[in-house]
Amino acid sequence: MSVQEYLDKHTLSRKIEDAVNAAVRAKTSDPVLFIANHMKKAVSSVITKVKARQILDSRGIPTVEVDLHTNKGVFRASVPSGDSSGTYEAIELRDGDKGMYLGNSVAKAVKNINERISEALIGMDPKLQAQIDHAMIDLDKTEKKNELGANAILAVSIAACKAGAAEKEVPLCKHLSDLSGRANMTLPVPAFTVLSGGNHASNNFAIQEIMILPVGATRFEEALQWGSETYHHLKAVITEKIGNMGCNVGEDGGLTPDISSLKEGLELVKEAINRTGYSDKIKIAIDVAATNFCIAGTKYDLDIKSPDKSGQNFKSAEDMIDMYKELCAEYPIVFIEDPFDKEDWEHTKNFSGLGICQVVGDDLLMSNSKRVERAIQESACNALLLKVNQIGTVTEAIEVVKLARDAQWGVVTSHRCGETEDSFISDLSVGLATGVIKAGAPCRGERTMKYNQLLRIEEELGDQVVYAGEDWRQTL
């Protein structure tokens with residue numbers, strides 16, 4: 001194609017003339033810069049290049065990072081990873097070569113982006129998120145994204161979403177709100193991890209985490225302050241009662257004292273909350289992750305991490321329900337995540353039906369639309385834990401949230417155990433108005449950057465966005 005043919009095809013001669021005339025009318029002191037900016041707005045942006053690389057997540061395990069280029073700039077995204085992959089979630093592609101990162105390298109996923117996905121997306125409009133995502137899904141041709149890898153597809157999907165927002169010249173959260181068809185945006189209540197156990201810590205505590213929710217705050221900035229203060233009060237409480245070794249942190253930043261029971265952990269958190277002076281305004285949540293200590297799908301070993309006690313005092317599912325009822329009566333618990341094994345639909349339904357607190361499905365649902373549909377039909381739980389990497393694209397994440405919303409469920413946007421410096425889920429939680437975000441402790445950079453991004457969003461949008469606060473369940 002000749003230069004003249006290119007100018008004619010894109011009507012650039014007319015656009016350049018318009019830009020020059022606009023510069024003259026504006027009497028600009030820098031006409032070259034003015035014309036360049038005018039031309040950027042006049043010419044629609046398209047994807048020109050997609051470049052991927054292997055980086056490390058917060059655990060030192062490889063993951064995928066992408067730079068997506070348009071004629072407006074370069075947009076970067078990286079994807080997190082969990083400590084395990086569920087049967088029903090999209091496949092995270094790893095190389096399996098034990099000689100490279102113990103089998104965890106992602107060179108295949110990176111190659112798939114650089115050689116296959118890039119070629120398929122060049123020339124596409126980054127504003128058309130659904131078209132981009134479906135192009136990758138069609139290229140993969142498998143239900144769980146086995147061929148290209150969900151880690152490859154999601155990294156590109158998020159980068160394209162950022163490029164789309166830039167093309168529209170709106171904040172990323174506003175672009176996500178538009179994509180979801182929502183009219184309003186909401187700053188979520190942060191569910192701060194303060195105590196860690198289970199697979200996320202090396203202590204003897206079987207429960208995965210205890211969280212605090214500053215629902216009584218009036219702004220996100222205030223909620224973050226309360227969360228940080230409570231976390232540091234908890235450090236002091238643990239030091240006094242157990243010793244400073246209990247103040248080591250788990251993979252998501254929670255403190256990791258050796259405690260003998262869930263009740264003991266709740267007592268520590270309760271005392272820390274009382275010391276803040278915000279007692280009635282901060283609630284508690286628990287991620288039980290019961291699958292991790294469920295034996296044969298029928299009994300639960302809360303001492304599974306204590307070699308001298310494990311196997312001596314099993315609880316049945318009915319015993320677990322009784323325990324939850326007692327704890328919810330004694331402590332301000334507003335939600336419990338994964339209270340039973342991931343395949344125990346019956347007892348999850350029975351407990352949810354009691355209406356004691358919100359019951360959040362993580363391992364039960366795995367952000368899988370088919371599992372969510374079944375849970376809705378069976379009234380198995382009443383809230384979705386949204387982990388975008390379990391689905392694999394932004395578009396599918398929006399769709400599964402809509403599914404939950406239509407059932408009048410709550411939604412908790414969640415991080416993963418292996419996180420990166422990407423704060424996409426912060427904008428996602430605001431744009432989809434999920435009500436709650438679970439991004440770990442107010443500690444460790446890969447966690448705090450999610451909360452810091454929410455501070456920036458609150459500052460930038462001002463009155464355009466409200467803090468969910470006491471209405472965290474009603475952001476439908």
Side-chain angles (χ1 to χ4, degrees), residues 1-3 5-7 9-12 15-16 33 35-57 62-80 92-93 95 105-141 145 147-172 175-176 179 388-389 392-397 420-424 427-428:
M1 182 184 296
S2 68
V3 172
E5 288 172 335
Y6 186 87
L7 290 170
K9 179 181 179 181
H10 297 283
T11 63
L12 289 180
K15 289 173 182 175
I16 293 170
L33 179 61
I35 291 169
N37 289 333
H38 189 95
M39 288 298 295
K40 278 187 177 181
K41 294 179 180 180
V43 179
S44 296
S45 181
V46 295
I47 297 171
T48 58
K49 179 182 177 182
V50 185
K51 172 67 176 176
R53 65 185 62 86
Q54 177 174 273
I55 63 169
L56 296 182
D57 70 16
T63 189
V64 178
E65 180 177 83
V66 163
D67 288 343
L68 185 142
H69 299 243
T70 72
N71 47 331
K72 296 287 179 71
V74 181
F75 304 91
R76 178 169 292 169
S78 55
V79 293
E92 184 180 72
L93 187 62
D95 301 338
S105 59
V106 291
K108 292 178 183 177
V110 168
K111 183 178 180 181
N112 285 340
I113 294 171
N114 292 337
E115 295 184 3
R116 299 177 64 186
I117 293 176
S118 178
E119 182 180 349
L121 299 189
I122 286 176
M124 293 190 71
D125 184 342
K127 299 192 305 297
L128 304 179
Q129 186 71 41
Q131 289 187 23
I132 291 168
D133 289 343
H134 286 295
M136 291 189 286
I137 292 170
D138 291 344
L139 184 64
D140 180 86
K141 295 185 175 67
K145 303 176 177 65
E147 178 68 20
L148 299 175
N151 44 349
I153 292 172
L154 180 61
V156 177
S157 181
I158 293 174
C161 193
K162 293 178 180 180
E167 172 65 13
K168 290 167 59 178
E169 297 185 340
V170 298
L172 178 56
H175 179 47
L176 284 158
L179 290 172
V388 185
N389 77 315
T393 66
V394 173
T395 298
E396 289 167 296
T420 73
E421 296 86 357
D422 197 310
S423 60
F424 175 76
D427 287 86
L428 184 71

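Values below: every heavy atom of this structure, side chains too, minus hydrogens, waters and symmetry copies.
Under the 3.5 Å distance criterion, the side-chain polar atoms of Asp67 are left unmatched by any main-chain donor or acceptor of Val74.
Counting all heavy atoms, side chain and backbone alike, Ile113 lies closest to Val50 at CG2-CG1, 3.6 Å. Summarising the geometry of Pro126 relative to Thr70, their closest heavy-atom pair is CG-CG2, 4.2 Å, with the distance given to 0.1 Å.
At a cut-off of 3.5 Å, with distance as the only test, no side-chain donor of Thr63 or Asp57 sits close to an acceptor on the other residue.
Taking the side-chain hydrogen bond (donor to acceptor under 3.5 Å, both in side chains) definition, one finds that Lys49 meets it with nothing, sequence neighbours left out. Residues passing the side-chain hydrogen bond (donor to acceptor under 3.5 Å, both in side chains) test with Ser78, sequence neighbours excluded: Thr420.
Of the options Leu428, Asp427, Leu176, a side-chain contact (heavy atoms from CB on, under 4.5 Å) to Cys161 is made by Leu176 and by none of the others.
The pair Glu421-Arg76 does not count as a salt bridge, with every side-chain nitrogen at least 4.0 angstrom from each carboxylate oxygen. Note on Lys162 versus Asp422: salt bridge recorded, some NZ/NE/NH1/NH2 to OD/OE distance being below 4.0 Å.
In Lys51, the NZ atom is not crowded: 12 or fewer heavy atoms of neighbouring residues, nucleotides or ligands sit closer than 6.0 Å.
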Inset, instruction - I would like to know whether Leu154 and Thr393 meet side chain to side chain contact (heavy atoms under 4.5 Å, CB included); could you show each step before the answer? - result: CA-CA 5 Å; Leu154 180 61; Thr393 66; 5.6 Å; no
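Judged as a side chain to side chain donor-acceptor pair (under 3.5 Å), the pairs with a partner in residues 125-138 (not counting sequence neighbours) are, in order, Asp125-Lys127, Gln129-Asp133, Gln129-Ser157, Asp133-Ser157, Asp133-Thr395.
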